[in-house]
Amino acid sequence: MLNIHLVPCLSDNYAYLVHDTATNKVAVVDPSEAAPVLAALKAHGLALTHILNTHHHFDHTGGNLELKETTGAKVVGPRADRERIPGIDEEVGEGNTWSLGSAKAKIFDIPAHTKGHIAFWFEADKAVFTGDTMFAMGCGRLFEGTPAQMWSSLSKLAALPADTRVYCGHEYTLSNGKFAVSLEPGNQALKSRMADVERLRAENKPTIPSTIGLERETNPFLRPASPELRKSLALETADVVEVFAETRRRKDVFK
Ligand code: ZN
Ligand code: FE
């Protein structure tokens, strides 16, 4: 069984401690910086064995080298971006299975935010780490890929079981939700989720994890088939990638 602990980093990043209780192996996912991760390890009485990176951006790998030096943990990252992952020891990609002690993760390649971006799906524990590809009610910017690639990456994640918990790279949920409401003001699931999110953020609490089921109902980037969203974009007859691309473009300039 996995225990998962959120570790807030920088201004709006989350790293995650992932603890396989059967074997006492402990990974950190996407450590922006070492200090809060070391403090969390100490608070939970855990010793780090692995560092997992979803992609190379500094706010996901900035703590790699210091954590590796301090704890001897091994760095696991995307094969497609091996040269940009600080301290990488093990490369993984689509179709691989990677094990944290007794917990198995299936790896997906989910490029478009960056050319090498992966997800770790712990199927038995119903948890997926999505980095900057899928956010709660949002998706990452397309820095190194096309809308079609991002749509394909998100579709892999959206196809996971509805009760899969989604652990993403940032606390962007409130602003993502405001954008979502602008496109689907009549979406009841979205309205009720926003009430929860507003309450949590007012108390300065995290909105993570989400679930795949909730994302399917409320994330505009998974909803290019929604008649209301299409009407908002005046794209009633466009294909799904075109609707997705326009949704992403609108988000880039949304205030
Ligand atoms: Zn990023
Ligand atoms: Fe990021």
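Read the numbers this way: they start at 1 and go in the same order the structure lists the ligands and their atoms. Residues: numbered from 1 along the sequence shown.
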Quick check on side chain to side chain donor-acceptor pair (under 3.5 Å): which of Lys156, Arg79, Lys106 does Glu94 satisfy it with?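 Looking at Lys156, Arg79, Lys106, the match for Glu94 under the side chain to side chain donor-acceptor pair (under 3.5 Å) is Lys156.
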Quick check for you: with the Fe ion (ligand 2) as the vertex, what angle do OD2 of Asp132 and NE2 of His60 span, to 10°?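 The two atoms form an angle at the metal of about 90°.
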Quick one: report the N, O or S atom of Asp59 that is nearest to the Fe ion (ligand 2).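 Asp59's closest N, O or S atom to the Fe ion (ligand 2) is named OD2.
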Can you name the N/O/S atom of His170 that is nearest the Fe ion (ligand 2)?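 This residue's closest N, O or S atom turns out to be NE2.
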Short N/O/S contact of [X] with the Fe ion (ligand 2) (below 2.8 Å):
X     : value
Asp30 : no
His57 : no
His55 : no

Using the test side-chain hydrogen bond (donor to acceptor under 3.5 Å, both in side chains), find all partners of Asp252 that sit at least two apart in sequence or belong to another chain.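 In terms of side-chain hydrogen bond (donor to acceptor under 3.5 Å, both in side chains), with neighbours along the sequence ignored, Asp252 is linked to Arg141, Arg248.
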With sequence neighbours excluded, tell me which residues meet side-chain contact (heavy atoms from CB on, under 4.5 Å) with Lys205.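 If we apply the side-chain contact (heavy atoms from CB on, under 4.5 Å) test to Lys205, skipping adjacent residues, the hits are Leu200, Glu203.
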Closer than 2.8 Å to the Zn ion (ligand 1): how many protein N, O or S atoms are there?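 Those protein atoms number 4 in total.
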Interatomic distance, Arg230 atom CZ to Leu183 atom CG [nearest 0.5 angstrom]: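 Answer rounded to 0.5 Å: 13.0 Å.
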Go through the steps for His55 and His113 under the test ring pair (Phe, Tyr, Trp, His ring centres under 6.0 Å), then give the verdict. CA-CA 9 Å; His55 67 297; His113 177 68; 4.9 Å; yes
Is it true that Ile212 and Phe122 fall in one hydrophobic cluster, defined by side-chain heavy atoms closer than 4.5 Å?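 Shared cluster, no.
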Check for a donor-acceptor pair, side chain of Asn176 on one end and backbone N or O of Ala136 on the other, with a separation under 3.5 Å.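 Checked: pair present.
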Could you identify which residues cluster with Leu48, counting Ile, Leu, Val, Met, Phe, Trp and Tyr as linked when any side-chain heavy atoms lie under 4.5 Å apart, either directly or through a chain of such contacts?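 Its cluster partners, ordered by chain and number, are Val7, Leu17, Val26, Val28, Val37, Leu38, Leu41, Leu46, Ile51, Leu67, Val75, Ile85, Ile88.
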Does CZ belonging to Arg82 count more than 12 external heavy atoms closer than 6.0 Å?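 No - once you tally the heavy atoms of other residues, nucleotides and ligands closer than 6.0 Å, there are 12 at most.
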